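Quantities reported herein were computed from a predicted structural model and do not represent experimental measurements.
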Amino acid sequence: EIRHRPGSSGSTDAKLASESDRPMRPADVARLENPIAPANASVPAMPITASSPRAKFSMASAGKVFLGSWIVISLLLLARIAIANAVIGARRSRAGPASDAVASDCQRLAAKLGLKAPAVLVGDSVGGPCLVGWWRPAIILPVEQESIDSSILVHELAHVSRNDCGWQLFVRIVAALVWYQPLMWIL
């Protein structure tokens, strides 16, 4: 039986009226739930619901995964920085004072450069002269080089004048926080 709606003359309305009267088949239900499924699919397509595997991974869960991994990796890298500073502090505390001649030479050169002279220490745990400490810098000399050329002290005092230890610590902390940025690891 074909019924026409009032004011309609077309067969499209007649077809819609006849389809709405018949019961829906499982294939029709599947097509309504998932309109992307092919019309001639023999197995009804699985609808996308909140429990389907595709719906479980959303942008919110991706954000949580990224945030969680960022926090864990950043904390590990910050812990690495803290451990390195503790090792350097231990090396500094084990080092003894340098000879009076080297210390006075450092003070004289620092005064010429307009700097406050850092402590000059001698330790067996360093392979060459180095400046350590971002808060209270100190020059640590190896035991073998206790009598040192003044050009080495000038070089280490140049690090003091630029605050290289502080800037290096700052860059390492920033790299620990934005570890996912590859350009940070070049610095």
Side-chain angles (χ1 to χ4, degrees), residues 48-187:
I48 299 175
T49 63
S51 62
S52 68
R54 286 193 282 176
K56 285 186 180 179
F57 190 78
S58 65
M59 287 305 287
S61 62
K64 288 178 185 176
V65 167
F66 176 76
L67 181 64
S69 62
W70 175 77
I71 289 171
V72 168
I73 294 172
S74 292
L75 287 176
L76 289 173
L77 292 171
L78 289 171
R80 180 179 167 211
I81 294 168
I83 290 169
N85 278 324
V87 167
I88 292 296
R91 286 183 181 178
R92 179 183 173 151
S93 66
R94 284 194 308 264
S99 67
D100 290 337
V102 173
S104 64
D105 195 21
C106 182
Q107 288 178 351
R108 180 181 56 81
L109 292 169
K112 279 185 178 179
L113 296 172
L115 300 171
K116 180 182 175 195
V120 182
L121 307 171
V122 176
D124 58 352
S125 61
V126 294
C130 63
L131 179 72
V132 297
W134 59 275
W135 184 257
R136 292 177 307 142
I139 298 172
I140 302 180
L141 304 172
V143 175
E144 306 86 38
Q145 281 188 323
E146 191 169 340
S147 61
I148 195 163
D149 186 31
S150 63
S151 64
I152 294 174
L153 290 175
V154 170
H155 173 85
E156 297 304 326
L157 289 171
H159 289 298
V160 172
S161 70
R162 293 188 308 253
N163 194 17
D164 286 348
C165 291
W167 282 110
Q168 185 181 27
L169 178 64
F170 173 75
V171 168
R172 288 183 185 264
I173 290 171
V174 170
L177 296 176
V178 289
W179 52 265
Y180 51 86
Q181 173 54 265
L183 295 176
M184 282 304 299
W185 295 101
I186 294 173
L187 295 176

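Closest approach of P118 to L157, counting heavy atoms only: CD-CD2, 3.6 Å. For the pair A176 and L77, the tightest heavy-atom approach, listed with the atom from each and the gap, is CB-CB, 3.6 Å.
Within the model, atoms CG of L109 and CG of D105 stand 5.0 Å from one another, a figure rounded to the nearest 0.5 Å. With values rounded to the nearest 0.5 angstrom, L113 atom CG is found 10.5 Å from L153 atom CG. Atom CG of L177 sits about 9.5 Å away from atom CG of L75, to the nearest 0.5 Å. Rounded to the nearest 0.5 Å, atoms CH2 (W179) and CD1 (I73) are 3.5 Å apart. Rounding to the nearest 0.5 Å gives a distance of 9.5 Å between CG of D164 and CD of E156. Separating the CZ atom in R92 from the CG atom in N85 is a distance of 12.0 Å, to the nearest 0.5 Å.
Judged by distance alone, the side chain of S93 and the main-chain N or O of A90 form a donor-acceptor pair under 3.5 Å.
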Review item, side-chain donor-acceptor pairs of residues 124-140, under 3.5 Å, at least two apart:
none

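For the side chain to side chain contact (heavy atoms under 4.5 Å, CB included) test with C106, the passing option among L115, V120, I148, V154 is V120; the others fail.
Within a 6.0 Å sphere centred on CZ of F66, heavy atoms belonging to other residues, nucleotides or ligands number more than 12. Heavy-atom contacts from other residues, nucleotides or ligands closer than 6.0 Å to CZ of R80 number 12 or fewer.
Contact of the Y180 side chain with the V178 side chain is registered, since non-hydrogen atoms from C-beta on lie closer than 4.5 Å.
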